[in-house]
Amino acid sequence: MTAPLIELDHVDRFYGAGDTEVRALDGASLTIHSGEFVAIVGQSGSGKSTLMNIIGCLDRPTGGHYRVRGQDVADLDTNALAALRRETFGFIFQRYNLLANVSASENVELPAVYAGLSHEERREKASDLLSRLGLGDRTGNKPGQLSGGQQQRVAVARALVNDAEVILADEPTGALDSGSSEELLNLLEALHAEGRTIILITHDQKVAERAKRMIEIRDGQIVSDTGEDEARPEEAEGYRYSRKGPSPVGQVFEAVKMAFRSLRANLFRTALTLLGVVIGVSAVVAMLAIGQGSQQEVMARFESLGPNLLFVRPGAPGTRMRGDAIATLTLEDAEALGALDNILAAVPSRSTGATFRVGSKDYSSQVEGVSEDWPLAQNRGLKYGTFFTEDDMDRRIGVVVLGTTTAGNLFDDVEGAVGQYVFLGGAPFEVAGILEEKGATGWGQDQDDVALVPITTGMMRLFGQNYLSSITLAVDDTDRVAETEEAAKNLLLARHGTEDFQIRNTASFLESMQEAQNSFSILLGSVASISLLVGGIGVMNIMLVSVSERTREIGVRMATGARRSDIMTQFVVEALVVGGLGGIAGVLIGLGVCFILSESGMTVAVTALPAMLAFTSALATGLVFGLLPARKASRLDPVAALASE
């Protein structure tokens, strides 16, 4: 013998506890076979809507057993219950429960989305059903553009789109005029004639009389039953519907479509939500580009020195250079280092601040005492004139080589400055040459604001000290830099008897500067990321508000067969769409800011990595901050969600 389609065995549904306990259903027993047309009648508060929620798997009984085709519903998980709602039951609600922001056709298609039908299949079935119900010319209208009767017919079409075996109609005529009510009841009778099982919940006795079987419920108990209608399991069997639900790809695709539709419905709020993400992403892109640009410029300056330099500084490793602690390097040390194998030049150096005077013009700048090999070590030529010679060094001649900035502040004609005299420390110095222009460093120092004199002359006339601030060694064979550095260290140890000096090469300087610039870039990125974090919090806040506002929509989706994972995916995808749109807009704005800064003369380095990082961060922000609202939405109780205003 075929098992009954629906079987309730002493089903209870209690709410609350103790003195506040409400017995919505109290030991209700009921059997319904396939193909019946049953009316469950009762006054408001009698428990008929609770009974419908139990039958439609929107709610679970507190006690007793409820079976669908012999399967105890208590043994089913949430996905299995969703499958029952999707494949077996079609709901017609008193308040229609249509989604306000989508068309009649899309409302009808909703259960088919969760059943996994293709877009073409859904559209064709929805169009056929609406045409059959007299709404063929209204498929594109939204619920607000339809009358009550038309909206209820859309709800009927939605209940039929998955070929539901059982139609559950909860007070379907309660919000309709008499004409629309008659049309709906005629439609239900026609559906019953086709073999569908109709369960009509109503308080209206006249409406109930249209059914073939009438069951009265009072105070949660079945008090009368006119007897079972003639069952037609053979006819109804043709309406059994079985699908596994949407594929993961189809699920995500539909979620993206619904996400854009939902965001479009609240454009202003969506724009405000996007703003936080846009600001964060554009700040990350722009700041990282500025940081990388600065890093590249600084590295280029250091790399221009060449990979063949060693720098000797006074003071033991790890000590600060101040006072007598730096009086450890001498000209004799430089001469001894210059005699080492693989050394092209050993350039001693010492500098001081000085005031230059030409006629009535005074100008303050730095004076650096160096040797005649300075241009070789620094890889820098002259624009005008010549550099001083070894003979000038030996004779301590008062000659000076000026940078273009220094020369420009002292002479009206920079080229004509060669051969002129400037006063330094009260003594005249002849301008031997003008250095080629170098420009500013990455940290803004003007490399052309300089004056060079023979180190011997400087020690005698300007510095007042005979020790050096540094010695720069130019190496011939760069493959032997490490070997040469070790030889220089051993020589100075032998001369000084202690390690009161430091030797570093260009690579170590570059490494230190690289680390410093990386730290700077990370700092800029971290500051910018704070605004991205704030934008993410805004996304979560708006999504939580959206869940609250769309509670009934969530209930409708669950009633039409959506699984928890479908609801979860829907809201996560919406958050990802917000993050993605904000990421794209933020990257474009950030690139625009970089272009403006570049045009204004600032060095910026626009690469793909910061843009990809910022966009990925925006997506991750949407995902992370969308999970909580999505989880909240997926765990809503279908009955409570449908009852939400």
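All of these numbers come straight from a predicted model, not from anything done at the bench.
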Between [X] and [Y], is there a donor-acceptor pair closer than 3.5 Å when you use the side chain of the first and the backbone of the second?
X: Asn490; Y: Glu486; result: yes
X: Thr328; Y: Asp500; result: yes
X: Asp373; Y: Ala345; result: no
X: Thr457; Y: Val453; result: no
X: Gln502; Y: Gly315; result: yes

Determine, for Asp448 against Lys438, whether the closest basic-nitrogen to carboxylate-oxygen distance falls under 4.0 angstrom. no
Salt-bridge contact Glu485-Lys489 (side-chain N to carboxylate O under 4.0 Å): no
Could you list the residues that satisfy side chain to side chain contact (heavy atoms under 4.5 Å, CB included) with [X], not counting sequence neighbours?
X: Leu275; result: Ile279
X: Asn79; result: Asp77, Arg563
X: Asp476; result: Asn342, Leu344
X: Ser349; result: Glu368, Val370, Ser469, Ser470

Measure the spacing between [atom1] of [X] and [atom2] of [Y] and express it to the nearest 0.5 Å.
X: Leu382; Y: Thr386; atom1: CG; atom2: OG1; result: 7.0 Å
X: Gln378; Y: Gln447; atom1: CD; atom2: CD; result: 9.5 Å
X: Phe311; Y: Arg504; atom1: CZ; atom2: CZ; result: 10.0 Å
X: Ser351; Y: Gln366; atom1: OG; atom2: CD; result: 5.0 Å

Within 6.0 Å of [atom1] in [X], more than 12 heavy atoms from elsewhere:
X: Arg357; atom1: CZ; value: no
X: Arg564; atom1: CZ; value: yes
X: Glu499; atom1: CD; value: yes

Got [X] and [Y] here, is their nearest side-chain heavy-atom distance under 4.5 Å?
X: Val358; Y: Phe423; answer: no
X: Val102; Y: Leu99; answer: yes
X: Leu337; Y: Leu492; answer: yes
X: Arg495; Y: Asp333; answer: yes
X: Lys383; Y: Glu437; answer: yes
X: Leu628; Y: Phe571; answer: no
X: Phe501; Y: Ile471; answer: no
X: Leu424; Y: Phe429; answer: yes

Test salt bridge (Lys or Arg N to Asp or Glu O under 4.0 Å) applied to [X] - qualifying residues, sequence neighbours left out:
X: Glu372; result: none
X: Arg635; result: none
X: Arg480; result: Asp341, Glu483

For residues [X] and [Y], report the shortest heavy-atom separation together with the two atoms involved.
X: Arg461; Y: Pro428; result: NH1-O, 3.8 Å
X: Met393; Y: Ile455; result: CE-CG2, 3.3 Å
X: Pro454; Y: Ile397; result: CG-O, 3.9 Å
X: Ser371; Y: Phe387; result: O-CE2, 3.6 Å
X: Phe463; Y: Gly369; result: CZ-N, 3.6 Å
X: Ile343; Y: Leu473; result: CD1-CB, 4.1 Å

Return each pair, listed once, that meets salt bridge (Lys or Arg N to Asp or Glu O under 4.0 Å) where at least one residue sits in [range]; pairs must be two or more places apart or across chains.
range: residues 394-410; answer: Asp391-Arg395
range: residues 408-419; answer: Lys361-Asp412
range: residues 417-426; answer: none

Check the pair Val418, Ile434 against side-chain contact (heavy atoms from CB on, under 4.5 Å), reporting the backbone distance first and the verdict last. CA-CA 7 Å; Val418 177; Ile434 306 296; 4.1 Å; yes
So, is the end of the Arg350 side chain (NZ or CZ) under 6.0 Å from the ring centre of Tyr467 and within 45° of the ring's axis? yes
List, one per line, each side-chain donor-acceptor pair under 3.5 Å for residues 398-411, sequence neighbours excluded.
from	atom 1	to	atom 2	distance (Å)
Thr405	OG1	Asp446	OD2	2.7
Thr406	OG1	Asp449	OD1	3.1
Thr406	OG1	Val450	N	3.0
Thr406	OG1	Val450	O	3.3
Asn409	ND2	Thr405	O	2.7

Ignoring hydrogens and angles, state whether a donor on the side chain of Asp566 or Thr569 is under 3.5 Å from an acceptor on the partner side chain. no
So if I apply the side chain to side chain contact (heavy atoms under 4.5 Å, CB included) rule between Leu468 and each of Val312, Thr330, Leu329, Val347, which one comes out positive? Leu329
Hey, what's the ring geometry for Tyr363 with Phe356, parallel, tilted or perpendicular (30° and 60° as the breaks)? tilted
Under 3.5 Å donor-acceptor pairs involving side-chain atoms of residues 574-592, not counting sequence neighbours:
from	atom 1	to	atom 2	distance (Å)
Glu574	OE1	Arg550	NH1	2.8
Glu574	OE2	Arg550	NH1	3.1
Glu574	OE2	Arg550	NH2	2.8
Glu574	OE2	Gln570	NE2	2.9

